[in-house]
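Just below is one structure, and these are the notes that go with it.
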Amino acid sequence: MLGFKKKVMLRKEEDERLYVQLESIKETLDYKRNLLAHSVDPSEDVLAEVKRAEVLYSLLLREARVRHERKPRMR
């Protein structure tokens, strides 16, 4: 069995990894939405990529809500 301190450390590491992934996906999603907004005739591939990024971002947000964690503020 894992000790209590080890479980807390693992949870903190996973929470930090979740926040990093959230930020990365958000930046990617914003970039793709901007690209889509400036496209005259977007292809089906671009539309599919934007939809995929939106779904992935919403999934990660739901996971963060389930954990009841808030992103720590940067100083």
Side-chain angles (χ1 to χ4, degrees):
M1 296 191 88
L2 295 174
F4 179 73
K5 289 183 182 182
K6 179 119 178 162
K7 286 182 185 180
V8 171
M9 286 180 51
L10 286 174
R11 177 170 291 284
K12 285 183 181 181
E13 288 174 5
E14 289 301 313
D15 288 344
E16 184 62 33
R17 199 170 109 204
L18 176 65
Y19 298 138
V20 169
Q21 285 180 342
L22 267 171
E23 289 179 13
S24 174
I25 295 297
K26 178 65 174 165
E27 288 174 4
T28 303
L29 180 59
D30 289 341
Y31 173 77
K32 288 180 180 183
R33 282 182 178 163
N34 190 21
L35 184 65
L36 186 63
H38 289 88
S39 296
V40 175
D41 188 22
S43 69
E44 292 296 320
D45 293 337
V46 173
L47 293 172
E49 286 180 23
V50 170
K51 191 67 169 174
R52 179 182 173 271
E54 288 173 345
V55 169
L56 185 57
Y57 184 68
S58 68
L59 177 75
L60 290 176
L61 275 178
R62 266 190 245 126
E63 178 63 26
R65 286 183 193 134
V66 166
R67 291 173 181 241
H68 300 289
E69 293 289 328
R70 291 190 179 260
K71 179 179 171 185
R73 294 194 175 196
M74 298 293 184
R75 294 181 188 187

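As a basis for the values below, the full set of heavy atoms in this structure was taken, side chains included, without hydrogen atoms, waters or symmetry mates.
- In this structure, CG on D30 lies 11.5 Å from CD1 on I25, to the nearest 0.5 angstrom.
- With rounding to the nearest 0.5 angstrom, the OH atom of Y57 is 9.5 Å from the CD atom of E23.
- Of all heavy-atom pairs spanning L36 and P42, the tightest one is CD1-CB, 3.4 Å.
- Atom NZ of residue K51 and atom CG of residue L29 lie 11.0 Å apart, to the nearest 0.5 angstrom.
- V46 and Y31 end up in different hydrophobic clusters when Ile, Leu, Val, Met, Phe, Trp and Tyr side chains are linked at under 4.5 Å.
- With hydrogens and angles ignored, the 3.5 Å screen pairs no side-chain donor or acceptor of S24 with any backbone N or O of V20.
- Residues satisfying the side-chain hydrogen bond (donor to acceptor under 3.5 Å, both in side chains) criterion with E14, sequence neighbours excluded, are R17.
- When every heavy atom of L22 is checked against every heavy atom of A64, the shortest pair comes out as CD1-CB, 4.2 Å.
- Going from atom CG of L60 over to atom NZ of K26 covers 12.5 Å, rounded to the nearest 0.5 Å.
- Applying the salt bridge (Lys or Arg N to Asp or Glu O under 4.0 Å) definition to pairs two or more places apart or across chains, those involving residues 31-47 are K32-E49, R33-E54.
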